[in-house]
Engineer: 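The structure is given below, and queries will be raised subsequently.
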Amino acid sequence: MKLNTDVNSLTVLELTQALVDRLSISPNDWHRLKANRKARASEQAAAALVFLLKDKPDEAVTRFQQAISWLNLSISASPCPHHSDRDKKTLNN
């Protein structure tokens, strides 16, 4: 989406998708933000809105539940699979 795009010309779904794009954690920021509860909840809540607007309520509920879980501290970031594999190899040698 161009920065100069007139917001009024966009649909609600396009605006919501732009929000998802802005809130998504990029691969370069993954390690820094993987445990950031606000970032993770925001990412999931925005995705939930997209699914809601696309008439996929089950997917929306799943994403909203994930967002809530980040906020109420009931989930936490899992270890990076790449690091876990490397750590296992180190432990086995």
Engineer: Main chain of Ala39, side chain of Asn36: is a donor-acceptor contact present, judged purely on distance under 3.5 Å?
Structural biologist: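 Yes; judged by distance alone, with no hydrogens or angles, the pair exists.
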Engineer: Let me confirm one number: the CD-CD1 distance from Gln44 to Ile75, rounded to the nearest 0.5 Å.
Structural biologist: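 Rounded to the nearest 0.5 Å, the CD-CD1 separation comes to 7.5 Å.
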Engineer: Closer than 3.5 angstrom, by distance alone: can the side chain of Arg40 be matched with the main-chain N or O of Ala67 as a donor-acceptor pair?
Structural biologist: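 No.
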Engineer: Might you point out which heavy atoms bring Ser24 and Glu43 nearest each other, and give the distance in Å?
Structural biologist: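 The pair with the smallest heavy-atom distance is CA-OE2, 3.4 Å.
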Engineer: Which heavy-atom pair separates Arg37 from Ser76 by the least distance, and what is that distance?
Structural biologist: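 Of all heavy-atom pairs spanning Arg37 and Ser76, the closest is NH2-CB, 3.9 Å.
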Engineer: Which value, rounded to the nearest 0.5 Å, describes the distance between Leu10 atom CG and Leu15 atom CG?
Structural biologist: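 Here the interatomic distance stands at 5.0 Å.
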Engineer: Under 3.5 Å, is there a donor-acceptor pair between the side chain of Gln17 and the main chain of Glu14?
Structural biologist: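 Absent.
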Engineer: Could you go step by step and tell me if Asn28 and Ser26 meet the side chain to side chain donor-acceptor pair (under 3.5 Å) rule?
Structural biologist: CA-CA 5 Å; Asn28 291 340; Ser26 72; 5.1 Å; no
Engineer: Shortest non-hydrogen contact from Ala47 to Val20?
Structural biologist: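 Heavy-atom minimum between the residues: N-CG2, 3.8 Å.
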Engineer: If I compare all heavy atoms of Ser42 with all of Leu23, which pair ends up nearest, and what's the gap?
Structural biologist: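 Reported closest heavy-atom pair: O-CD1, 3.7 Å.
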Engineer: By the rule that ILVMFWY residues connect when side-chain heavy atoms come within less than 4.5 angstrom, directly or transitively, which residues belong alongside Leu33?
Structural biologist: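 Its cluster mates, by chain and number, are Ile25, Trp30.
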Engineer: Could you list the donor-acceptor pairs under 3.5 angstrom formed by side chains in residues 50-58, with sequence neighbours left out?
Structural biologist:
none

